[in-house]
Novice: 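One structure is given below, represented as C-alpha cells, and several questions about it will come after.
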Amino acid sequence: MSKILLLKPPHGQLHALNHSASRRNLSAFLASSSFKPPLSPLLHFSPSLPSSSSRPPPLRRSSLSSPRRIFPVRALESSSTARTNNEDKEESKAGGEDDGAPPSSPSTAAASGPGDGVLVEKAGLDGVLPTGEFEMEEFGWWKSFVVKLRMLFAFPWERVKKGSVLTMKLRGQISDQLKSRFASGLSLPKICENFIKAAYDPRISGIYLQIEPLSCGWGKLDEIRRHILDFKKSGKFIVSYVPICGEKEYYLACACGELYVPPGAYVALFGLVVQSSFLGGVLEKVGIEPHIQRIGKYKSAGDQLSRKSMSKEVCEMLTSLLDSIYGNWLDTISSTQGKTREEIEEFINTGVYQVEKLKEEGWITNTMYDDEVMSMLKERLGQKDKKNLLSVDYSKYSRVRKWTLGLEGKEQFAIIRASGSISRTRSPLSIPSSGIVGEQLIEKIRTVRDTKRYKAVILRIDSPGGDALASDLMWREIKLLAASKPVIVSMSDVAASGGYYMAMAAETIVAENLTLTGSIGVVTGKFSLNKLYERIGFNKEIISRGRFAELNAADQRPLRPDEAELFAKSAQNIYRQFRDKAAFSRSMSVDQMEEVAQGRVWSGKDAASRGLVDAIGGFSRAVAIAKHRANIPQDSQVKLVEVSRPSPSLPEILSGIGNSLFGLDQTVKGVLQDLTSANGVQARMDGILFESLENALDDNAIFRLIKEYQSSF
C-alpha cells in the first residue's frame, strides 16, 4: 500500500484590523452542526477564533515594538463550495459584516491589493506577550501558617524531614507525558514541578542533581535548564554530579551552582553531528524499486529510500539546523562561564576528554566521588553526626502536591498533552500509554470544551506526526475548542508535520529555541518488488476491475505511465491541502507559506522569525500567555489540571515490571510502536538525528535504519 508523508509549519501571530464582529460570526458558524470540513484541496471557511468579548483587545500597530510585516488574508476556497453573492449578502445581514476574506485562487494570489481583503498585521509578538519569567513569591504570615498546617497534617507519603536534600537522577529518555506510578522512566512535567515545589518547600535545603547520559532533545533540555536557573532564585543550593559528560549533560550541569565529576569521569566534549541514513543501495541489492513522489525540495524522507547520498537541499537544511543547535550551545556555555564564544569553540576544538583539563579551565568545580559529595553536603547542612544525608528522592517527592505548599489557585487551566507518533485508533500491538491516539484525544478535547470549569487550555505537543487523517480530525476539534476558550500551544522537542498540524489550530503557539518544527511537505511512495519476486521464485497474480484498481495492490510490476501520473497528482493534492490550511491558519498567503514550506524543518527560533510560531519560551510562558488571554492577573496562581493524566492498566503494570526485570530495550519498543502506527496517509517528520559524537557511536545502526524507514512511510 502506498503511504503519504506530510510535513510541518510554525510562527508569527496575525491580528486582523476591525475584525471582532467577523470573529463572532465565524465562532457561531463553526459551532453549528451544519459545518463540515472541506474535502477539496482548498479550504472554504476560516476557522473562527475565540470571541474577543472575553479577551484583551487585539494588539494594534501602535502597541507593537518589533518590526512589522503586513500580509493579506485570503479565504482558501474550493470551486465546489464557493459561496454565491446572495449567500454573502445573507451572512452580512445576519452578522453585520462578512468575514472579509477573499478567495485565493492561483490567479488572485499574486494580485492581492487593498481591495482584495482585510489587511492583517503579522508582527513579532515575542516582545509584547507575557514572558512567564519565574519570580519567587513572598508568602504572607497567614499563607505561611496555612502551608505549615497542611504539611503538619499531610498524608504520610507527602511528609519530608526538615533539612532534606532533593535528589534527582536524570538519564536516558525523558517523556513529555505524565507517567503512572507503575511506568518506568522520567517525566518532564514531574521534573519541572519538583524544581518549583523545592524552591518554595521550607523542608528542602537544596538539590543534588545527578546527570547521566541523556537521550532527549534540546527542547526538553532548555525546559529543564530554565527550571534549574529559576530554582537558584530561591537562594538554595543546587549541586550537579556528572560521571559521563557530553554536550547535553554539560549543558544542564553548568547551569547549577556547583559541578562535580569523579576523577575517572568519561568526558567527550568533541562537538555535535547530524546524520541521515540511506537505504537506496540496500533496496537495489535485494531487488526492491521504490517509486517516490516528493513534494518539496527539502523533503528528505523519500531520499532515504531512493537515494544513496544526501541531496544539496537537504544538506543545506541540516547544516542550518546543526549551526543553530551548536551555536546555541556555544552561546549558552560562553554566557555561563563569562568567556567569549571564540574561546569556548577553540577549547572544544582541542578535543576535550581529560577531567584535569576541565578543572584547569574552570569548567567544573572540583573532582569528587559521589560519597565525597554527599559527605560535603552533610557537613554543609550540619548533619555530620548523622549516618546518611537527609534526602528525599524524585519518586517520593513527586507525590507531594502543589496544593500542600500553597502553589495552586482557584482558577483552573486544562493541560492536554500530546506526545509521540499519531494514530487514529489504538492498535492491539501498540505500547500502553505511548503515542497520540486521535479518537482518545478528541474525546478529551470535547470534554474540556463542554465544561465551564477551565478558563483556558494549554496544549503541550511533542510529536513528529503520524496519521494525516487523525491530525486533521484533531485540528478540527482544537479549532472548535479555541472558539470557546483560549488555547495556547506549547511545543517541546518537536512539533512537526502532524504535530504542527494540531498546533496551528490554536491562537498562540509557543516553541523553544531549538524545537524542530516546519517540514511542510509531502512524500508518497510505493514499492515494485518484481525483481525480488523473481529472485526468490514468488509469483503474484491480480484480477481487478477499474482502470486504477491495482494502483496500490500491484507490487509485482512497475507503475504504468497513467498510474504514475495519478500517483503524482494525488501527492500534489495532499500537499496543497496541508500547505493551504497552514497558510490560512497562520494568516499568510499561499505564496508566503510556500516560501517556508517545501518540506523544510526549522528550529523554533527560525520558525518564529518566519511567522510559524508566535513566541519563544517554555511551558511557563504558555501559562503566562493563557492568563493574559483569560484576563487573569499574572501574579495570580492557577490550578493546572492534567486532563491526560494516565491511569495504570494491567498491561502497563506488566510492561513496567518486565522492563525492570529484563531491561527491555526502549529502541525495540519504539520500532514496535512505529510498525503499528504507520498505516495509511502519514503526516510525519523525517527521521533526523542530532547527537553528540559519543552518543552517535553508541547507536545501533540496524535499529536506527529500521526506525528511520518506518518513520518515512
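Predicted, not measured: the structure shown is a model, and the values here were computed from it.
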Novice: Give the C-alpha distance, both sets of side-chain angles, the deciding distance and a yes or no for side chain to side chain contact (heavy atoms under 4.5 Å, CB included) between Met474 and Ile422.
Specialist: CA-CA 10 Å; Met474 290 186 289; Ile422 298 172; 3.5 Å; yes
Novice: side-chain hydrogen bond (donor to acceptor under 3.5 Å, both in side chains) between Asp176 and Ser419: does it pass, once the steps are laid out?
Specialist: CA-CA 6 Å; Asp176 208 77; Ser419 180; 5.6 Å; no
Novice: With a 4.5 Å cut-off on side-chain heavy atoms, are Ile415 and Phe619 touching?
Specialist: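 The answer is yes; the side chains approach within 4.5 Å.
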Novice: Would you say NZ of Lys402 has more than 12 non-hydrogen atoms from neighbouring residues, nucleotides or ligands within 6.0 angstrom?
Specialist: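 Enclosed: over 12 neighbouring heavy atoms sit under 6.0 Å from NZ of Lys402.
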Novice: Can you check whether Leu321 reaches Ser603 side chain to side chain, under 4.5 Å on heavy atoms?
Specialist: yes
Novice: Is any side-chain heavy atom of Phe413 closer than 4.5 Å to one of Ile488?
Specialist: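 No. Closest side-chain heavy atoms not under 4.5 Å.
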Novice: Might you point out which heavy atoms bring Met317 and Val601 nearest each other, and give the distance in Å?
Specialist: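 It is SD-N, 3.2 Å.
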Novice: Taking Arg579 first and then Asp591, would you say they form a salt bridge - that is, a charged N and a carboxylate O separated by under 4.0 Å?
Specialist: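 Asp591 and Arg579: not salt-bridged.
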Novice: Do NZ/NE/NH1/NH2 and the carboxylate oxygens of Glu595 and Arg610 come within less than 4.0 Å?
Specialist: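 Between Arg610 and Glu595 there is no salt bridge, as every charged N stays at least 4.0 Å from the carboxylate O atoms.
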Novice: Output yes when a side-chain donor or acceptor of Thr451 lies under 3.5 Å from a complementary backbone atom of Val448, and no otherwise.
Specialist: no
Novice: Which atom names give the shortest non-hydrogen contact between Tyr501 and Trp475, and what distance separates them?
Specialist: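 For Tyr501 and Trp475, the tightest heavy-atom pair comes out as O-CD1, 3.0 Å.
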Novice: Tell me, do Asp472 and Lys581 make a side-chain contact under 4.5 Å, heavy atoms counted?
Specialist: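 Result yes, sub-4.5 Å side-chain heavy-atom pair found.
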Novice: Just by modelled atom types, is the Glu439 backbone N or O under 3.5 Å from a matching donor or acceptor in the Arg424 side chain?
Specialist: no
Novice: How close do Val510 and Gly618 get, heavy atom to heavy atom, and via which atoms?
Specialist: CG1-O, 4.0 Å
Novice: Would you compute the distance between atom CD1 of Ile442 and atom CD1 of Ile436 and round it to the nearest 0.5 angstrom?
Specialist: 11.5 Å
Novice: Do Thr508 and Arg629 have side-chain atoms, one donor and one acceptor, less than 3.5 Å apart?
Specialist: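 Judged by distance alone, the side chains do pair up.
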Novice: Trp602 side chain to Val596 main-chain N or O, any donor-acceptor pair under 3.5 Å?
Specialist: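 Side chain of Trp602 to backbone of Val596, a donor-acceptor pair under 3.5 Å: yes, one is there.
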Novice: Has the side chain of Ser463 got a donor or acceptor atom that lies under 3.5 Å from a matching backbone atom of Gly465?
Specialist: yes
Novice: Should Leu640 and Glu642 count as side-chain neighbours, where that means a heavy-atom distance under 4.5 Å?
Specialist: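 No. Closest side-chain heavy atoms not under 4.5 Å.
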Novice: So does Ala582 get a backbone contact from the side chain of Ser585, meaning a donor-acceptor N/O pair under 3.5 Å?
Specialist: no
Novice: Checking Lys627 side chain against Gln634 main chain: does a donor-acceptor pair fall under 3.5 Å?
Specialist: yes
Novice: Run the side chain to side chain contact (heavy atoms under 4.5 Å, CB included) test on Val638 and Lys455 for me, step by step, so that the C-alpha distance in whole Å, both residues' side-chain angles and the decisive distance to 0.1 Å come before the verdict.
Specialist: CA-CA 10 Å; Val638 294; Lys455 302 300 181 183; over 6 Å; no
Novice: Checking side-chain contact (heavy atoms from CB on, under 4.5 Å) between Val487 and each of Ile416, Ile445, Ile478, which is the one that passes?
Specialist: Ile478
Novice: Distance from Arg417 atom CZ to Ile458 atom CD1, nearest 0.5 Å?
Specialist: 9.0 Å
Novice: Do Leu129 and Arg621 have side chains that get closer than 4.5 Å, going by heavy atoms?
Specialist: yes
Novice: Near Gln440 CD, under 6.0 Å, is it more than 12 heavy atoms from other residues, nucleotides or ligands?
Specialist: yes
Novice: When you compare the side chain of Leu473 with that of Arg476, does any pair of heavy atoms fall below 4.5 Å?
Specialist: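 No, their side chains stay 4.5 Å or more apart.
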Novice: Distance from Leu188 atom CG to Ile224 atom CD1, nearest 0.5 Å?
Specialist: 5.5 Å
Novice: Considering non-hydrogen atoms only, spot the tightest contact between Leu178 and Ser187 and give its length.
Specialist: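 So the minimum-distance heavy-atom pair works out to CA-OG, 3.6 Å.
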Novice: Main chain of Lys220, side chain of Ser492: is a donor-acceptor contact present, judged purely on distance under 3.5 Å?
Specialist: no
Novice: Nearest 0.5 Å, what's the OG1-CD1 distance between Thr131 and Ile625?
Specialist: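 Atom-to-atom, Thr131:OG1 and Ile625:CD1 are 9.0 Å apart.
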Novice: Going by heavy atoms in the side chains, are Val494 and Thr517 under 4.5 Å from each other?
Specialist: no
Novice: Between Gln598 and Lys297 (side chain of the first, backbone of the second, donor and acceptor by atom type, cut-off under 3.5 Å), is there such a pair?
Specialist: yes
Novice: If I take atom OG from residue Ser175 and atom CG from residue Leu186, how far apart are they, to the nearest 0.5 angstrom?
Specialist: 9.5 Å
Novice: To the nearest 0.5 Å, how far apart are NZ in Lys485 and CZ in Arg453?
Specialist: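 Between Lys485 NZ and Arg453 CZ, I get 9.0 Å after rounding to 0.5 Å.
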Novice: Could you give me the CA-CA distance, side-chain angles and deciding distance for Lys190 and Glu193, then say whether salt bridge (Lys or Arg N to Asp or Glu O under 4.0 Å) is met?
Specialist: CA-CA 5 Å; Lys190 282 300 180 183; Glu193 183 180 283; 3.5 Å; yes
Novice: Checking the side chain of Thr515 only, and the main-chain atoms of Asp493 only, is there a donor and an acceptor separated by less than 3.5 Å?
Specialist: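 The answer is no, because no donor-acceptor pair under 3.5 Å joins these two groups.
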Novice: Mark yes or no for whether Asp614, through its side chain, and Ile509, through its backbone, hold a donor-acceptor pair below 3.5 Å.
Specialist: yes
Novice: Can you give me the closest heavy-atom contact between Arg460 and Ser490, atom names plus distance?
Specialist: NH1-OG, 2.6 Å
Novice: Does the distance from a Lys or Arg side-chain N to an Asp or Glu carboxylate O, for Arg226 and Glu223, drop under 4.0 Å?
Specialist: yes
Novice: Can you name the nearest heavy-atom pair linking Val643 to Ala414, along with the distance?
Specialist: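 In this case the closest contact between Val643 and Ala414 is CG2-CB, 3.7 Å.
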